[in-house]
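Some notes on the structure that comes next.
For clarity, every value in this text was computed on a predicted model and none was experimentally measured. Every chain is numbered from 1 and lettered A, B, ... according to where its sequence line falls, protein lines coming before strand lines.
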2 protein chains.
Amino acid sequence: MQYSKSTDYALHALLHLGHPERHANVGIKELSATLGVSESYLSKIMSKLRQDGIVRAVPGVNGGYELARPAGRITFLDVIQVMEGREQLFECSNSKSQQHQLLADDGADEPVRERRGNGECLVEKVMLGAQQHLHQYLQEHTIQSLLDEAFKRHFNLEGNKK
Amino acid sequence: MQYSKSTDYALHALLHLGHPERHANVGIKELSATLGVSESYLSKIMSKLRQDGIVRAVPGVNGGYELARPAGRITFLDVIQVMEGREQLFECSNSKSQQHQLLADDGADEPVRERRGNGECLVEKVMLGAQQHLHQYLQEHTIQSLLDEAFKRHFNLEGNKK
DNA sequence: CTATTGTGGACCTGTGATATCCATAATAAA
DNA sequence: TTTATTATGGATATCACAGGTCCACAATAG
Ligand code: SF4
Ligand code: SF4
């Protein structure tokens with residue numbers, strides 16, 4: 001259970017694009033050189049980010065990428081969901097097993113009522129709760145907020161030096 | 001990014017073992033039949049749970065598995081970590097790239113000082129935070145707590161029927 | 001028109017999840 | 001002590017997917 005390298009790359013690419021004194025339209029070459037990732041692979045990732053509306057891309061001379069919206073509105077969750085997909089953390093694989101009855105109906109021998117609604121899965125409920133906690137946290141952190149913190153740290157270091 | 005089926009199976013197996021009126025030493029046959037998973041595969045999972053001290057196993061006639069400690073002390077996090085491993089959610093893949101400087105030192109052109117300590121990674125910091133939130137939540141839910149809730153629900157249903 | 005730059009498809013490789021089979025070890029009961 | 005039973009661990013198979021390369025093509029600015 002670990003985020004893929006693609007997520008790593010995507011985050012770093014966006015952080016680069018979000019850097020204050022950046023001329024618009026950063027080319028794949030610059031990104032590739034900065035991150036140390038092959039152009040071929042990185043372009044796949046950028047393409048995905050574009051399809052999901054995180055960045056804009058323009059081909060042609062002096063083309064390149066730029067953020068499609070302010071860095072403050074690009075959350076970690078956004079990026080992660082683009083790269084890792086939006087499936088849920090836990091998905092039951094055999095909801096018609098004998099086990100299921102025990103947890104959804106707790107062994108009650110009532111005839112199969114298909115109302116299904118108050119008989120909602122408790123395992124999934126726990127896991128969904130976990131997922132929501134995780135997502136909420138990831139939504140509170142944006143590309144901008146990380147950049148801000150980096151700047152703050154830099155400022156403090158400079159201060160100490162003098 | 002999804003938990004594996006093994007985790008699903010493990011959770012259900014433990015829920016079965018934790019059931020109140022269970023004779024000790026539940027055999028792999030019973031588990032397999034209840035969960036609807038092959039004996040071969042399920043035994044692998046049980047073996048892993050044993051190696052991590054979640055269950056005890058005794059071979060031989062009338063042998064089987066039982067919880068190694070009270071169900072209230074087996075958390076979801078425990079189970080998930082046994083099955084999914086304990087790697088962290090995010091692991092940097094190229095900490096010596098050009099990017100790294102930007103985020104750890106924020107572009108300061110100071111000579112490479114290898115003190116490393118106040119120059120801690122901000123991306124990892126965010127991700128570690130996310131992981132801790134997730135883990136904390138998963139630690140608050142145990143096999144017992146889920147079982148309790150299932151019982152409570154059952155009780156309410158019975159009440160409504162009368 | 002042309003050089004430049006992103007897009008998308010085909011393809012390759014290694015790894016890990018899922019799963020089965022079997023030989024062996026351990027154990028309780030007869 | 002033997003025997004039937006039950007868990008263990010190694011070997012193996014299959015399959016999907018992460019990670020990555022290459023290339024032909026589309027789009028665009030100048
Ligand atoms: S209780 Fe939930 S997780 Fe378990 S089998 Fe039913 S639906 Fe699936
Ligand atoms: S800033 Fe953090 S994530 Fe980025 S390269 Fe450095 S160590 Fe890795």
Side-chain angles (χ1 to χ4, degrees), chain A residues 1-10 12-13 17 23-33 35-68 80 82-85 87 89-94, chain B residues 1-10 12-13 17 23-33 35-68 80 82-87 90-94:
Chain A
M1 254 287 295
Q2 210 180 299
Y3 288 136
S4 62
K5 292 197 175 191
S6 302
T7 298
D8 180 328
Y9 300 154
H12 281 83
L17 293 186
H23 37 290
N25 285 8
V26 178
I28 193 71
K29 278 206 172 65
E30 180 177 333
L31 278 177
S32 167
L35 300 199
V37 179
S38 82
E39 294 180 26
S40 329
Y41 195 42
L42 195 53
S43 68
K44 287 283 151 62
I45 290 167
M46 295 313 291
S47 227
K48 216 171 205 172
L49 288 174
R50 184 191 60 91
Q51 285 166 9
D52 276 63
I54 308 284
V55 302
R56 262 191 300 270
V58 15
V61 184
N62 276 42
Y65 302 95
E66 62 180 350
L67 300 185
I80 289 172
V82 170
M83 302 312 297
E84 307 282 334
E87 321 145 324
L89 205 53
F90 177 84
E91 191 129 5
C92 172
S93 35
N94 49 341
Chain B
M1 253 287 295
Q2 209 181 301
Y3 287 136
S4 63
K5 291 196 176 191
S6 301
T7 298
D8 180 328
Y9 299 155
H12 281 82
L17 293 186
H23 38 289
N25 285 8
V26 178
I28 193 70
K29 280 205 170 66
E30 180 177 333
L31 278 178
S32 166
L35 300 199
V37 179
S38 82
E39 295 180 25
S40 329
Y41 193 44
L42 196 52
S43 69
K44 286 280 151 63
I45 290 166
M46 296 313 292
S47 227
K48 216 172 204 170
L49 288 173
R50 185 191 59 93
Q51 284 166 10
D52 276 64
I54 308 284
V55 302
R56 265 191 299 269
V58 15
V61 184
N62 275 43
Y65 301 94
E66 62 179 349
L67 299 184
I80 289 171
V82 170
M83 302 312 297
E84 307 282 334
R86 289 174 176 77
E87 322 144 325
F90 177 84
E91 191 129 5
C92 171
S93 35
N94 50 339

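In this structure, CG of L31(B) is placed 12 Å from C1' of dA7(D), rounded to the nearest angstrom. Residue Q2(B) contributes atom CD, which lies 14 Å from atom C1' of dT18(C) at whole-angstrom precision. In this structure, L42(B) places its CG atom 15 Å from P of dC21(C), rounding to the nearest Å. At whole-Å resolution of the value, CZ in R56(B) and P in dT27(C) are 14 Å apart. One interatomic measurement links the two molecules: NZ of K48(B) to C1' of dG10(D), which rounds to 15 Å at whole-angstrom precision. When the P atom of dA17(C) is taken as reference, atom CG of D8(B) falls 15 Å away, rounded to whole Å.
With sequence neighbours excluded, no residue forms a side chain to side chain contact (heavy atoms under 4.5 Å, CB included) with K44(B). With sequence neighbours excluded, no residue satisfies salt bridge (Lys or Arg N to Asp or Glu O under 4.0 Å) with E91(A). Checked against side chain to side chain contact (heavy atoms under 4.5 Å, CB included), S93(A) has the following partners two or more places apart in sequence or in another chain: K5(B), D8(B), Y9(B). Residues meeting the salt bridge (Lys or Arg N to Asp or Glu O under 4.0 Å) test with E66(B), sequence neighbours left out: R56(B).
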From CA spacing to verdict: side chain to side chain contact (heavy atoms under 4.5 Å, CB included), S47(B), I45(B): CA-CA 5 Å; S47(B) 227; I45(B) 290 166; over 6 Å; no
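In this structure the side chain of S32(B) never reaches within 4.5 angstrom of the side chain of Y41(B), judged on heavy atoms. Side chains of I28(B) and L42(B) form a contact here, defined as non-hydrogen atoms less than 4.5 Å apart.
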Polar-atom pairs under 3.5 Å, protein N or O versus N or O of nucleotides 4-10 of chain C: list them with distances, or write none.
residue: dT5(C); atom: O4'; partner: G60(A); partner atom: O; Å: 3.0
residue: dG6(C); atom: OP1; partner: I28(A); partner atom: N; Å: 3.0
residue: dT7(C); atom: OP1; partner: R50(A); partner atom: NE; Å: 2.5
residue: dT7(C); atom: OP2; partner: Y65(A); partner atom: OH; Å: 2.8
residue: dG8(C); atom: OP2; partner: S47(A); partner atom: OG; Å: 3.1
residue: dG8(C); atom: OP2; partner: Q51(A); partner atom: NE2; Å: 3.2
residue: dG9(C); atom: O6; partner: K44(A); partner atom: NZ; Å: 2.5

What pairs of nitrogen or oxygen atoms, one from the protein and one from nucleotides 17-19 of chain D, lie under 3.5 Å apart?
residue: dG19(D); atom: OP1; partner: K5(A); partner atom: N; Å: 3.2
residue: dG19(D); atom: OP2; partner: K5(A); partner atom: N; Å: 3.2

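Counting non-hydrogen atoms of neighbouring residues, nucleotides and ligands closer than 6.0 angstrom, the CG atom of N62(A) reaches no more than 12 such neighbours.
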